Amino acid sequence: MTTLPASTAAQQQPAPLPRRPRPFVSAYEMHSLRTDAERAKAAALVQDRQRWLTLRGLPVPARADIPALFRDPQAELAGLFEDGLLIACMILQRDPDLGWGEGPCLFLGHVHTLPGRSDDTIRLITLWASDFAARLDLPRVRAEALARRPLNVDPIARVLNRLTGMGWDLRGSGTGLTFPS
């Protein structure tokens, strides 16, 4: 029987495997809002955003009851969630007749974000919408940004600059924004 000195025996044992990091779990999720509870949360988010805009003297859509649009079971709604919290919602229309822009598109209507959220929310919506439109074989994503002041005056100028920085094309007052896929 032969034995190895302790130091040699330890050198011949395989090194312990490094611990694998936990799998990456996305903190963000985008999905359809179908249940009454999800629609109610979206309507509440819209009301919170409208209140936030009003308190800051910023333009609010003139339509009286936009939150009701989010409660309508016929509307196709999408929501962006962060760790289970609804941080954005919108009404989707697949290839609507907008009266502006050319060709088929995915239209993001009444996009609302949770007050106090970073610009990353819009960036995530932009990425998701481009991917979703491509999966539907729609070449464009369109949306409108509310502007009651000239487009080169704050606060709308800052918003439009951020959007164009993300790849959106400004098409002018009243004709919306287009993100080419």
Side-chain angles (χ1 to χ4, degrees), residues 22-56 58-98 101 104-147 155-156 158-160 162-169 176-181:
R22 291 180 30 196
F24 177 73
V25 178
S26 174
Y28 298 97
E29 179 182 33
M30 190 79 162
H31 66 80
S32 296
L33 304 178
R34 293 188 177 119
T35 68
D36 288 342
E38 290 172 326
R39 289 174 179 279
K41 284 182 184 179
L45 185 149
V46 171
Q47 289 172 321
D48 288 347
R49 172 52 85 177
Q50 288 178 329
R51 188 176 309 110
W52 186 88
L53 291 168
T54 300
L55 290 173
R56 284 157 183 78
L58 299 171
V60 177
R63 190 166 181 166
D65 198 3
I66 290 179
L69 298 174
F70 285 83
R71 292 185 200 99
D72 179 1
Q74 301 302 313
E76 184 178 0
L77 306 181
L80 175 63
F81 292 81
E82 179 181 24
D83 295 327
L85 175 67
L86 180 65
I87 61 170
C89 59
M90 67 208 69
I91 299 173
L92 304 178
Q93 294 179 27
R94 301 171 194 220
D95 199 18
D97 182 16
L98 299 173
C105 71
L106 172 66
F107 182 73
L108 309 180
H110 300 287
V111 178
H112 293 275
T113 60
L114 189 64
R117 301 307 289 200
S118 71
D119 293 337
D120 288 340
T121 301
I122 297 299
R123 188 176 314 280
L124 290 168
I125 291 169
T126 298
L127 292 170
W128 171 83
S130 180
D131 177 66
F132 188 63
R135 291 171 191 251
L136 297 173
D137 290 325
L138 295 171
R140 288 176 184 73
V141 177
R142 291 194 174 100
E144 290 181 323
L146 180 62
I156 193 64
R158 283 181 286 159
V159 172
L160 296 176
R162 283 193 297 264
L163 290 171
T164 56
M166 288 182 224
W168 291 85
D169 292 328
L177 303 170
T178 303
F179 180 78
S181 300

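Owing to the predicted nature of the structure, the values given are computational and were not obtained by experimental measurement.
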T54 side chain vs Q50 backbone, donor-acceptor pair below 3.5 Å: yes
Main-chain N/O of L77 paired to R39 side chain as donor or acceptor, under 3.5 Å: no
What's the separation between atom [atom1] in [X] and atom [atom2] in [Y], rounded to the nearest 0.5 Å?
{"X": "H112", "Y": "L45", "atom1": "NE2", "atom2": "CG", "answer": "8.5 Å"}
{"X": "R142", "Y": "Q93", "atom1": "CZ", "atom2": "CD", "answer": "12.5 Å"}
{"X": "D120", "Y": "L80", "atom1": "CG", "atom2": "CG", "answer": "10.5 Å"}
{"X": "I122", "Y": "I125", "atom1": "CD1", "atom2": "CD1", "answer": "4.5 Å"}

Going by the rule side chain to side chain donor-acceptor pair (under 3.5 Å), which residues pair with [X] if we only count those two or more places apart in sequence or in a different chain?
{"X": "Q47", "value": "none"}
{"X": "R49", "value": "T113"}
{"X": "D131", "value": "R135"}
{"X": "R71", "value": "none"}

Heavy-atom closest pair, residues [X] and [Y]:
{"X": "R94", "Y": "L106", "value": "CG-CD1, 4.3 Å"}
{"X": "H110", "Y": "F70", "value": "O-CZ, 3.3 Å"}
{"X": "P104", "Y": "L138", "value": "CB-CD2, 3.9 Å"}
{"X": "A75", "Y": "L69", "value": "CB-O, 3.7 Å"}
{"X": "T121", "Y": "A88", "value": "CG2-CB, 3.8 Å"}
{"X": "F107", "Y": "A143", "value": "CE1-CA, 3.7 Å"}

4.5 Å side-chain heavy-atom contact, Y28 and I87: yes
L114 side chain reached by L85 side chain, heavy atoms, under 4.5 Å: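 Heavy-atom side-chain distance check passes, below 4.5 Å.
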With sequence neighbours excluded, residues passing side chain to side chain contact (heavy atoms under 4.5 Å, CB included) with A78: M30, M90, L92, W128
Selection residues 29-49 - residue pairs positive for ring pair (Phe, Tyr, Trp, His ring centres under 6.0 Å), sequence neighbours left out: H31-F81
Partner set under salt bridge (Lys or Arg N to Asp or Glu O under 4.0 Å) for D48, not counting sequence neighbours: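 D48: salt bridge (Lys or Arg N to Asp or Glu O under 4.0 Å) contacts with R51.
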